[in-house]
Amino acid sequence: MSQPMTAGEIARHVVAEAIWAPSVHNTQPWRFTVAGDQAGPRISLYADTGRRLAAADPDGRELMISCGAALFNARLALRSLGYVPVTCVLPDPAQPTLVARVSWPERAAADEFERRLFSQVRTRRTHRGAFDPAPLPPDLLAALRSGAARDGAALRIVADDGRRAALAAAVDTAERELRADPERVRELARWTPAPGSGSRDGVSATSYPARAEHTDPDFPGRDFARGHDWGLPPLSSAAAFRAAGVVGLLTTTADRPADWVNAGQALQRILLTASACGAAVALHSQPLELPWLRELIRTHLSDDAYPHLVLRIGMVTQVAVSVRRDPADVLLAPGGDHAGPG
Ligand SMILES: Cc1cc2nc3c(=O)[nH]c(=O)nc-3n(C[C@H](O)[C@H](O)[C@H](O)COP(=O)(O)O)c2cc1C
């Protein structure tokens with residue numbers, strides 16, 4: 001019989017999967033430690049505030065959403081090993097960068113659904129552009145909605161044509177405003193490395209289309225190429241009908257850091273569930289980075305719930321390739337929870 005894994009081995013497995021979470025501009029704003037006491041081993045997840053987007057994300061909301069997505073992966077990775085994670089979100093008010101502690105006191109084999117989600121952790125990609133006209137698998141939207149609720153968030157489908165157009169207009173307005181703000185443009189430049197740079201963070205040119213794909217209504221993407229000739233070539237020159245997909249809003253009923261972490265966990269459950277069903281998701285956070293537009297969306301399009309992301313869900317062949325830092329760079333050496341960054 002094989003030896004049980006040590007806490008260090010478990011932590012290395014968990015972190016190697018957690019880092020494949022989505023994060024705003026692929027900032028990967030997380031660090032992990034593993035420690036143990038009488039209560040057993042546990043992994044701590046810290047927000048790396050040095051990677052927060054000062055211009056786009058002054059409150060650290062998107063940073064916490066990103067960490068929440070990594071937390072979901074960490075929990076799933078423990079399930080893949082047959083452990084039952086016990087998670088405490090923001091356990092210590094004196095350490096606001098300590099996002100969560102996760103222990104694994106009991107064992108139970110992963111079920112079929114958990115295994116399917118886990119199989120998508122490394123292959124799921126953020127989609128940028130339009131979708132094929134094919135319909136979503138039946139029951140997928142219902143599964144996404146109930147999944148988001150399990151993590152304390154809501155996925156609100158915006159089906160009404162007028163509201164969908166209003167949301168597209170909000171994305172368009174925001175994108176124009178962001179492109180006109182020199183501070184935000186400089187910040188985006190920091191996280192959009194040139195092709196061939198070898199960078200292991202930021203949005204690489206292998207992950208967005210060189211030519212913007214327009215949809216009806218149009219949800220413009222971010223200007224990752226910034227006037228350079230960067231990005232993926234079009235899959236085909238055929239001017240086939242390209243759809244915006246099913247549009248939704250990820251929301252929470254309150255707007256505290258714990259809600260942001262929950263939104264991140266729900267986001268990753270949504271993305272992995274969609275991916276397991278062959279669907280892809282495009283994310284737009286542009287209008288949520290402008291307080292006046294976020295408030296407008298909250299009061300007019302999400303029944304006063306706090307919006308975190310605009311999602312578009314659809315069927316498409318994924319070709320994007322993303323990058324990550326080495327897990328060893330984000331799993332700090334043993335030394336206890338206080339080794340976490342401030
Ligand atoms: C909070 C948050 C906001 C995001 N906003 C956008 C966005 O506005 N536009 C976009 O194309 N991708 C957005 N993304 C996706 C990230 O750019 C993406 O996760 C990252 O580049 C890593 O790529 P991957 O998801 O394909 O692994 C966002 C992700 C998160 C977690």
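Atoms within a ligand are numbered from 1 in the order they appear, just like the ligands themselves. Quick caveat: nothing in here was measured; it's all calculated off a predicted structure. The first residue of the sequence shown is numbered 1, and numbering continues consecutively from there.
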Visitor: Is Arg176 atom CZ crowded by more than 12 heavy atoms from other residues, nucleotides or ligands, each under 6.0 Å away?
Guide: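 For Arg176, atom CZ is not crowded (no more than 12 foreign heavy atoms under 6.0 Å).
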Visitor: Which protein non-hydrogen atom lies closest to atom 30 (C) of ligand 1, naming both residue and atom, and how far is it?
Guide: Val24 N, 3.6 Å
Visitor: Considering non-hydrogen atoms of the protein only, which is the closest contact for atom 15 (C) of ligand 1, and what is the distance?
Guide: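 Of every protein heavy atom, Thr126 OG1, 3.6 Å lies nearest to atom 15 (C) of ligand 1.
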Visitor: Going by the order shown, which atoms of ligand 1 are within less than 4.0 Å of some heavy atom of Arg324?
Guide: 22 (C), 24 (P), 27 (O)
Visitor: Among all the protein's non-hydrogen atoms, which is closest to atom 14 (N) of ligand 1, and how far away is it?
Guide: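 Here the nearest protein heavy atom works out to Leu283 CD1, 3.8 Å.
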Visitor: Examine the side chains of Arg75 and Gln265 and answer whether a donor and an acceptor come within less than 3.5 Å of each other.
Guide: yes
Visitor: My understanding is that we take every heavy atom of each candidate and find the minimum distance to atom 1 (C) of ligand 1. Doing that for Thr206, Thr27, Ile65, which one comes out nearest?
Guide: Ile65
Visitor: Starting from atom 17 (O) of ligand 1, find the nearest protein heavy-atom neighbour and note its residue, name and distance.
Guide: Arg128 NH2, 2.8 Å
Visitor: What atoms of ligand 1 come closer than 4.0 angstrom to any heavy atom of Ser23?
Guide: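 Going through ligand 1 atom by atom, the ones under 4.0 Å from Ser23 are 16 (C), 17 (O), 18 (C), 19 (O), 20 (C), 29 (C), 30 (C), 31 (C).
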Visitor: To which protein heavy atom is atom 23 (O) of ligand 1 closest, and what is the distance rounded to 0.1 Å?
Guide: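 Checked against all protein heavy atoms, atom 23 (O) of ligand 1 sits closest to Ser322 OG, 3.2 Å.
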Visitor: When you check the gap from the basic side-chain N to the acidic O, do Asp132 and Arg242 get nearer than 4.0 Å?
Guide: yes
Visitor: What protein heavy atom sits nearest atom 4 (C) of ligand 1, and how far off is it?
Guide: Ser285 OG, 3.5 Å
Visitor: Salt bridge or not for Asp223 and Arg226, using N-O below 4.0 Å?
Guide: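 No, this pair does not count.
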Visitor: Got a donor-acceptor contact below 3.5 angstrom from the Asp57 side chain to the Leu63 backbone?
Guide: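 At least one qualifying donor-acceptor pair exists.
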Visitor: Do Arg31 and Thr33 have side-chain atoms, one donor and one acceptor, less than 3.5 Å apart?
Guide: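 No, because no side-chain N or O of Arg31 sits under 3.5 Å from a partner of the opposite role on Thr33.
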